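Structure record follows, encoded as structure tokens.
What you see is a predicted model, and the numbers here were worked out from it, not measured in a lab. Quick note: numbers below take in every heavy atom, side chains included, and nothing from hydrogens, waters or symmetry partners.
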Amino acid sequence: QVQLVESGGGLVQAGGSLRLSCAASGSILSFNRMGWYRQAPGKQRELVAGFTSGGDTNYDDSVKGRCTISRDNAKNTVYLQMNSLKPDDTAAYYCAAETTSWSGPHWHWGQGTQVTVSS
């Protein structure tokens, strides 16, 4: 069973920075894709940044130039560095990873970490 544990959220003023971490229970090299998603109250969950199956990165337009996703394979951890934070970035942030089994692809989710940006 894949377990993902996020940390690093908190309260920060606009313009500040946070680094989120996602520690996986197994090797992140075994995942097809990984990414960070967020969900604000009353809104749908959206992709913030992720690694494609080919190892490339992709970002939502709203965070391009402000956020960087990275990984440490030895630590089985994925990070999201967020700079120049805005109040609109306030949301619960979730780490997700895709695996494939005989039944097909399956997404695994962490419990989430709250990011609150004050104006």
Side-chain angles (χ1 to χ4, degrees):
Q1 182 70 19
V2 174
Q3 289 186 325
L4 304 170
V5 179
E6 303 99 331
S7 61
L11 173 63
V12 64
Q13 288 188 333
S17 299
L18 283 174
R19 188 177 81 155
L20 306 183
S21 299
C22 172
S25 58
S27 172
I28 61 175
L29 295 175
S30 67
F31 301 147
N32 298 333
R33 292 180 285 176
M34 284 193 78
W36 285 96
Y37 290 74
R38 68 184 178 187
Q39 186 168 21
K43 296 187 177 181
Q44 290 188 328
R45 190 172 295 189
E46 61 180 8
L47 175 68
V48 178
F51 288 103
T52 68
S53 57
D56 295 326
T57 57
N58 54 357
Y59 297 90
D60 184 78
D61 287 344
S62 66
V63 304
K64 281 182 180 177
R66 300 190 297 119
C67 294
T68 302
I69 188 171
S70 62
R71 59 200 295 170
D72 186 330
N73 295 334
K75 294 182 178 180
N76 294 319
T77 301
V78 174
Y79 304 97
L80 183 66
Q81 178 67 44
M82 302 189 296
N83 301 322
S84 302
L85 283 162
K86 306 174 182 180
D88 284 348
D89 294 318
T90 296
Y93 283 70
Y94 299 89
C95 178
E98 182 190 41
T99 60
T100 300
S101 69
W102 61 270
S103 61
H106 182 73
W107 281 92
H108 308 268
W109 297 87
Q111 83 288 350
T113 186
Q114 180 67 36
V115 171
T116 302
V117 184
S118 63
S119 57

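- Screening residues 15-24 for side-chain hydrogen bond (donor to acceptor under 3.5 Å, both in side chains) gives Ser17-Asn83 as the qualifying pairs, with residues at least two apart or on separate chains.
- The main-chain N or O of Ser118 is never found under 3.5 Å from a side-chain atom of Gln13 such that the two would form a donor-acceptor pair.
- Atoms CG and OG, on Leu4 and Ser25 in that order, are 6.5 Å from each other to the nearest 0.5 Å.
- At distances below 3.5 Å, not a single donor-acceptor pair connects side-chain atoms of Thr90 with backbone N or O atoms of Thr116.
- A donor-acceptor pair is defined here as one N or O able to donate and one able to accept, closer than 3.5 Å; such a pair exists between the side chain of Thr77 and the backbone of Lys75.
- In this structure, Ala40 and Ala91 approach most closely via the heavy-atom pair N-CB, 3.8 Å.
- If you check the side chains of Ser53 and Asn32, you find no donor sitting under 3.5 Å from an acceptor.
- At least one donor-acceptor pair under 3.5 Å links the side chain of Thr52 to the backbone N or O of Asp56.
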**OP:** Decide yes or no on side-chain contact (heavy atoms from CB on, under 4.5 Å) for Leu47 and Asp60, but give the supporting numbers first.
**Re:** CA-CA 7 Å; Leu47 175 68; Asp60 184 78; 5.9 Å; no
**OP:** Decide side-chain contact (heavy atoms from CB on, under 4.5 Å) for Tyr93 and Glu6; before the verdict, give the C-alpha distance in whole Å, the side-chain angles of both, and the deciding distance to 0.1 Å.
**Re:** CA-CA 8 Å; Tyr93 283 70; Glu6 303 99 331; over 6 Å; no
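- A donor and an acceptor atom, one from each side chain of His106 and Ser101, are nowhere located under 3.5 Å apart.
- Tyr94 is not connected to Leu20 by any chain of hydrophobic side-chain contacts under 4.5 Å among Ile, Leu, Val, Met, Phe, Trp and Tyr, and they are in different clusters.
- Of all heavy-atom pairs between Leu80 and Cys67, the closest is CD1-CB, 4.2 Å.
- Put simply, the side chain of Val78 does not reach to within 4.5 Å of the side chain of Ser70, judged on heavy atoms.
- Using a 4.5 Å cut-off on side-chain heavy atoms (C-beta onward), Ile28 and Asn73 make contact.
- Atom CE in Met82 sits 5.0 Å away from atom CG in Leu18 (nearest 0.5 Å).
- In the displayed structure, Glu46 atom CD is contacted under 6.0 Å by more than 12 heavy atoms of other residues, nucleotides or ligands.
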**OP:** For the pair Cys95 and Met34, evaluate side-chain contact (heavy atoms from CB on, under 4.5 Å) and give the outcome as yes or no after the intermediate values.
**Re:** CA-CA 7 Å; Cys95 178; Met34 284 193 78; 3.8 Å; yes
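- Each salt bridge (charged side-chain N to carboxylate O under 4.0 Å, His left out) pair with one or both residues in residues 85-105, not counting sequence neighbours, appears once here: Arg33-Glu98, Arg38-Asp89, Arg66-Asp89.
- Atom SG of Cys22 and atom CZ of Arg71 lie 11.0 Å apart (nearest 0.5 Å).
- Residue pairs meeting the ring-ring contact (aromatic ring centres under 6.0 Å, His included) criterion with at least one member in residues 31-82, sequence neighbours excluded, are Tyr37-Trp109.
- No side-chain donor-acceptor contact under 3.5 Å links Asn76 to the backbone of Ala24.
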